[in-house]
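Taking it in order: structure first as structure tokens, then the write-up.
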Number of protein chains: 2
Amino acid sequence: MSPTLDPASEGCVAARQVLDRVGDKWSIYIVMMLSGEPMRFNQLKRSIDGISQRMLTLTLRSLERDGLVTRTVFPTVPQSVEYRLTALGLTLLAPVKTLAEWAQANAEDIQNARFAFDAISINSEGNATAGVTRVRFG
Amino acid sequence: MSPTLDPASEGCVAARQVLDRVGDKWSIYIVMMLSGEPMRFNQLKRSIDGISQRMLTLTLRSLERDGLVTRTVFPTVPQSVEYRLTALGLTLLAPVKTLAEWAQANAEDIQNARFAFDAISINSEGNATAGVTRVRFG
DNA sequence: CCGTATCCTCATCGATACTG
DNA sequence: CAGTATCGATGAGGATACGG
């Protein structure tokens, strides 16, 4: 079909930009947590297992900077801060879900491929037939 | 619509798995380069600007391990090695393109949001009205 | 409650040099 | 041509402590 996409092409560059944005350790979790309702800082912190206060702050700031999330301070005592997806942030959910669906659909295949690959690696790969060293499975 | 996705839910975990797979610096470029035709090692190296021999090898191995790419050695002199997307690897192109399209559609909005955010940061953020410190733009 | 500031660790990645 | 081996720099990210 498509005749090889040049890495300098718009599509490649664009893809990498989203990945730089959302490919880090925590952004996805935060975006998905906010997909339903706005949440407060510590509420997010408790919901996302393993995230440090530092990384939650940093990731939220960066999402806010990119216009995906708004931060609203309520002058209660003690203060409370609410984070909410913007309209732009909401549109991000669709492509992310597409990605998640691909993952769920193919997780098993990938697992099998890994097992097969690792199994061969252990056997020190020896028996290549006619110069072809391809992983075979199934 | 959706009532907040738990980060431990399948969708979240799945999404992070793909991102771990394809969110690194070079995988996307390689997958997209191979989307049209199979390519040889140095051919890839020349095509992907800035990639080191080391990272090309590592990334290709990891793609091979996950069953996204096949590696075929031809016993020519000097030897040549051909990399090709598997059927599974080809299916990855669709979700990646979805992501790329989102990026292209919203790149400008994100840029504007960044400019706005950075501008406010410089002004030392001062004038919050009624406890709300939201970035406003447009 | 919602952060910021420091320190420290570990993985990632580039550069370089060397083999079949 | 297609790698592997080694080293060093950089930065992401956790732990902890403190401030508004």
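The analysis underlying the following values was restricted to heavy atoms, covering all of them including side chains, and did not include hydrogens, waters or symmetry mates. Throughout, a chain's letter reflects where its sequence line sits, starting with A, and its residues are numbered from 1.
B/D20 and B/R16 are joined by a salt bridge, as a carboxylate oxygen and a charged side-chain nitrogen come within less than 4.0 angstrom of each other.
Residue contacts shown for B/T57 include a base, since a base heavy atom lies under 4.0 Å away.
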Take B/R84 and B/T72, measure what side-chain hydrogen bond (donor to acceptor under 3.5 Å, both in side chains) needs, and give me the verdict at the end. CA-CA 8 Å; B/R84 180 191 297 262; B/T72 311; 5.9 Å; no
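Rounded to whole angstrom, the span from the CG atom of A/D20 across to the P atom of C/dC13 amounts to 11 Å. The interatomic distance linking A/I48 (CD1) with D/dG13 (C1') rounds to 15 Å, in whole Å. Residue A/F41 contributes atom CZ, which lies 17 Å from atom P of D/dG20 at whole-angstrom precision. Distance CD1 (A/I30) to C1' (D/dG13): 13 Å, rounded to an integer number of Å. Computed from coordinates, the B/I51 CD1 to C/dA15 P distance equals 12 Å when rounded to whole Å. Counting to the nearest Å, the P atom of C/dA15 and the CG atom of B/L56 are 14 Å from each other.
A donor atom on one side chain and an acceptor atom on the other are not found under 3.5 Å apart for A/D118 and A/S121.
Within the structure, every side-chain polar atom (N or O) of A/R40 is placed at least 4.0 Å from both OP1 and OP2 of C/dC1. For the OP1/OP2 pair of D/dG14 and a distance below 4.0 Å, the side-chain nitrogens and oxygens of A/K25 include at least one atom meeting the criterion. Checking the phosphate oxygens (OP1, OP2) of C/dG3, a side-chain nitrogen or oxygen of A/Y83 falls inside 4.0 Å. Contact annotation: A/R54 side-chain N/O to D/dA12 OP1/OP2 distance is not under 4.0 Å.
When distances are taken from the side chain of B/N42 to each of D/dT4, C/dC2, D/dC1, the shortest belongs to D/dC1. Of the candidate nucleotides C/dC2, C/dC1, C/dG14, C/dG14 has the atom lying nearest to any side-chain atom of B/M55.
Both B/L58 and B/L34 sit in one connected hydrophobic cluster of ILVMFWY residues. Membership requires side-chain heavy atoms under 4.5 Å apart, directly or through other members.
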